[in-house]
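Sequence lines set the chain letters: A, B, ... in the order given, protein chains first and strands last, and positions in each chain run from 1.
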2 protein chains.
Amino acid sequence: MSNSKKEKEDNFAPALAAAGRALIATMMAKLASCGFSDVTPAFSSLMPLLDATGARPTALAQRAGITKQAISQLVRELEVRGYVEQVPDSTDTRAKIVRLTKRGVALHAASAEVRLELQSVAIAKLGKSRVSRLRRDLLELAAALEEMRTR
Amino acid sequence: MSNSKKEKEDNFAPALAAAGRALIATMMAKLASCGFSDVTPAFSSLMPLLDATGARPTALAQRAGITKQAISQLVRELEVRGYVEQVPDSTDTRAKIVRLTKRGVALHAASAEVRLELQSVAIAKLGKSRVSRLRRDLLELAAALEEMRTR
DNA sequence: CTTCGTTCGTCAAGGTAGTTTACCAGATTG
DNA sequence: CAATCTGGTAAACTACCTTGACGAACGAAG
């Protein structure tokens with residue numbers, strides 16, 4: 001029967017994985033070509049959470065969905081590369097504030113630009129309505145999977 | 001303006017990441033509940049490529065899109081867990097053939113079943129046509145991103 | 001003011017998943 | 001038969017995340 005074949009061909013999982021890999025690789029390549037060759041994939045998930053005002057590591061960890069130890073490491077990496085600086089929080093001696101440096105702001109802007117560029121490429125290829133439907137369907141799918149997992 | 005806000009809301013990247021994470025987590029959870037609690041995420045990308053007939057590590061590496069060294073490690077892991085066995089290739093003394101064991105076949109079947117289950121959940125949530133369109137759009141998107149990256 | 005539980009961040013160690021580099025052994029071809 | 005290509009392995013390293021244990025500081029209760 002063509003049943004087993006059809007099941008496989010219709011499965012969205014490999015497509016999802018392929019798109020994910022392509023997204024990260026392209027993001028990295030584009031940033032590298034903008035002069036930010038020392039960023040790693042993890043940075044791009046942290047960058048959208050940062051700004052020049054600053055935030056606490058623990059808050060970042062919660063928003064990024066990882067442990068504060070992981071954030072600590074990541075922030076250190078970003079610090080030695082000169083993208084962020086850590087200043088003491090004047091309202092709490094224990095706490096730090098992680099803030100983008102000038103270079104960090106530049107990376108932030110470049111990241112945003114790359115995201116827009118990727119979005120434009122997607123729209124050029126699929127059209128605006130299909131892209132926004134894609135996004136909506138992905139979110140619904142993620143929710144359904146999560147609900148299935150935790151149940 | 002609402003422009004900057006709209007750009008962010010429309011961006012497909014976070015949705016893609018969320019769906020990817022949810023997919024892997026749900027896959028793992030389902031397999032664990034089927035009695036396969038010792039599988040890791042990496043296995044699920046390798047399982048669809050394996051069968052009881054067997055294949056060479058190098059071929060697996062190409063199909064999985066990773067190096068043969070990585071496959072070598074992965075296969076060793078699968079071997080100590082009793083999912084695959086390596087037998088010498090009778091047509092080439094250098095080569096090995098990686099073959100699913102009985103337990104491996106069971107895991108393979110369970111994986112396929114889980115994939116079908118996830119597919120069903122997706123269809124229940126989004127409908128058949130939206131799921132297949134989602135898959136198609138993801139593949140097109142991946143191709144567009146790849147083309148953009150390598151260009 | 002002291003004590004106590006909580007929170008902030010760090011250090012240390014380890015696990016997972018891959019990579020690069022270097023290498024050996026068998027196969028293939030000039 | 002010698003050169004070279006191919007199959008596979010070993011070791012070291014990178015990246016990213018985890019758990020566990022901890023010291024320091026905050027805040028509330030006594």
Can you build the contact string for nucleotides 19-25 of chain D? Use B for base contact, S for sugar-phosphate-only contact, and - for no protein heavy atom under 4.0 Å.
BB---BB

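- Just one residue in the list B:E79, B:R76, B:R99 forms a side-chain hydrogen bond (donor to acceptor under 3.5 Å, both in side chains) with B:Q86, and that residue is B:E79.
- A donor-acceptor contact shorter than 3.5 Å links the side chain of B:T26 to the backbone of A:L145.
- Here the side chain of A:H108 pairs a donor or acceptor atom with the backbone of A:L50 at under 3.5 angstrom.
- Position along DNA chain C of the nearest nucleotide to A:K96 versus B:T40 favours A:K96 as the more 5'-ward residue.
- Contacts of B:A70 with the nucleic acid, taken as non-hydrogen atoms under 4.0 Å apart, include base atoms.
- The pair B:R136-A:D137 does not meet the salt-bridge criterion, since no charged nitrogen lies less than 4.0 angstrom from a carboxylate oxygen.
- Here the options are A:V131, A:L138, A:L139, the test is side-chain contact (heavy atoms from CB on, under 4.5 Å), and the partner is A:R135; only A:L139 passes.
- In this structure, A:E77 atom CD and D:dT14 atom P are separated by 11 Å, rounded to whole Å.
- B:F43 and B:Y83 have perpendicular rings, their planes meeting at more than 60° on a 0 to 90° scale where under 30° would count as parallel.
- A salt bridge between A:D89 and A:K96 is absent, with no side-chain N of the basic residue lying under 4.0 Å from a carboxylate O of the acidic one.
- A salt bridge does not link A:E140 with B:K125: every distance from a Lys NZ or Arg NE/NH1/NH2 to an Asp or Glu carboxylate oxygen is 4.0 Å or more.
- Atom P of nucleotide D:dC17 and atom CG of A:L74 are separated by 6 Å, given to the nearest angstrom.
- Nucleotides of DNA chain C that come within less than 4.0 Å of any heavy atom of chain B span, from the 5' end to the 3' end, C:dA17 to C:dA27.
- Projected onto DNA chain D by closest heavy-atom contact, B:A59 and A:I66 fall at different nucleotides, the more 5' of which corresponds to B:A59.
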